[in-house]
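All heavy atoms count here, side chains included; hydrogens, waters and symmetry mates do not. Since the structure is predicted, the reported quantities are computational estimates derived from the model, not experimental observations. Throughout, protein chains are lettered first and strands after them, A, B, ... in sequence-line order, and every chain is numbered starting at 1.
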There are 2 protein chains.
Amino acid sequence: MITDASSCGQRFVDVEVLEKMDYETCKKMLARLSKGIAHPARIEIVRMLSNKPAEKKYICSDIVRALPLAQASVSQHLKILKETGWVYGEIDGARVRCSLVGNIMEYYRELVRKAIQE
Amino acid sequence: MITDASSCGQRFVDVEVLEKMDYETCKKMLARLSKGIAHPARIEIVRMLSNKPAEKKYICSDIVRALPLAQASVSQHLKILKETGWVYGEIDGARVRCSLVGNIMEYYRELVRKAIQE
DNA sequence: ATCGTCTATCGTCAATGCACGATTATAATA
DNA sequence: TATTATAATCGTGCATTGACGATAGACGAT
């Protein structure tokens, strides 16, 4: 059975929301998301997840295996990716299946545009 | 007279270069640039600079005046923006005119695409 | 019930980030 | 030459980051 992981945030983001967002909020949100990908290991994780078909999600141990880091370090990076809004996890028994937040790439790119070029 | 500020890095970036760049380098570069805009004050600075016509560049004191931070703090943020490749400065007498690195927005957006979606 | 697997968290350490006031260095100006 | 303006840097304090090994908790399988 698949249960919600309560601390894992939303599964999708809506680009429409950005239009009504005030600039201060935009700035903070862009800063937060940017911090999420401010480390090569986290970029690698985001890339792994974004290239994965939805029905074949990675579990944490897959990511540990793919990176040259200890399990604790990967878990910490995953935590930051969740806190900064890139990733969410679904608990499936003893495992956690990790996914990229839906539409986050378009959302980020649009946020960069809005926060900097407007 | 306008002189080079030796520590201020390049003035333009070329998106073409990204095509030949290996993935490890891409990751590091994206991580570095992302760190640059991982703070609201630095996003504000980048935004100020990107909205400025080339012939009317800001000097550092303009930026200090626009932000609710001490001069030392702004100087530190500007240093990070230079180190991470967003901004360069041209020394003009006692002043430093700050500019956004040419084409950096397109470069960053393309880097996000390449490092994550390829 | 016990074992092995999976994942989060704890504790630690060194390094870095961010804020500030104070100081210094340089250039323009009076 | 003395003064003022500009910007970088120093020194400090505090919080955060990033790495790790060790541990704990949850689950499935035997």
Next on the checklist: Wobble G-U and Watson-Crick pairs count when both distances are under 3.5 Å; given that, what is the 5' to 3' dot-bracket string of DNA chain D, with | for pairing to other strands?
Outcome noted: ||||||||||||||||||||||||||||||

Within the 4.0 Å heavy-atom criterion, would you say [X] contacts the bases, only the backbone, or no part of the nucleic acid?
| X | answer |
| --- | --- |
| A/Ser75 | base |
| B/Leu78 | nothing |
| B/Arg42 | sugar-phosphate |

For [X] and [Y], which heavy atoms make the closest approach, and how far apart are they?
| X | Y | answer |
| --- | --- | --- |
| A/Thr84 | A/Leu33 | O-CD2, 3.1 Å |
| B/Met48 | B/Asp62 | CE-O, 4.3 Å |
| A/Ala31 | B/Ile43 | N-CD1, 3.5 Å |
| A/Lys35 | A/Arg42 | O-NH2, 3.0 Å |
| A/Gly89 | A/Val96 | CA-CG1, 3.9 Å |

Next on the checklist: Quick one, A/Trp86 and A/Ile104 - any side-chain contact, counting heavy atoms below 4.5 Å?
Outcome noted: yes

Next on the checklist: What I'd like to find out is whether the side chain of B/Val101 reaches to under 4.5 Å of the side chain of B/Tyr108, using heavy atoms alone.
Outcome noted: no

Would you kindly give the [atom1]-to-[atom2] distance between [X] and [N], to the nearest whole Å?
| X | N | atom1 | atom2 | result |
| --- | --- | --- | --- | --- |
| A/Glu90 | C/dC6 | CD | P | 19 Å |
| B/Arg32 | D/dT17 | CZ | P | 21 Å |
| A/Tyr58 | C/dC6 | OH | P | 16 Å |
| A/Arg95 | C/dA8 | CZ | C1' | 17 Å |
| B/Asp62 | D/dA7 | CG | P | 8 Å |
| A/Glu83 | D/dA15 | CD | P | 18 Å |
| B/Arg97 | C/dT26 | CZ | P | 21 Å |
| B/Ile91 | C/dA25 | CD1 | P | 16 Å |

Checklist entry - Would you find a donor on one side and an acceptor on the other, under 3.5 Å apart, between the side chain of B/Tyr23 and the backbone of B/Ala115? => result yes

Check whether any side-chain N or O of [X] sits under 4.0 Å from OP1 or OP2 of [N], and answer yes or no.
| X | N | value |
| --- | --- | --- |
| A/Ser61 | C/dT5 | no |
| A/Lys35 | C/dG17 | no |
| A/Lys82 | C/dA8 | yes |

Checklist entry - Is it true that B/Glu106 and B/Arg109 make a salt bridge, defined as a side-chain N closer than 4.0 Å to a carboxylate O? => result no

Checklist entry - For B/Glu110, what residues pass the salt bridge (Lys or Arg N to Asp or Glu O under 4.0 Å) criterion, not counting sequence neighbours? => result B/Arg113

Pairs under 3.5 Å (N/O, protein and nucleotides 19-24 of chain C):
residue	atom	partner	partner atom	Å
C/dA19	OP1	B/His39	NE2	3.2
C/dA19	OP2	B/His77	NE2	2.4
C/dA19	N7	B/Gln76	NE2	3.2
C/dC20	OP2	B/Ala70	N	3.1
C/dC20	OP2	B/Ser73	OG	2.8

Checklist entry - Which nucleotide sits closest to the side chain of A/Ala94: D/dA26, C/dA27, D/dA7? => result D/dA26

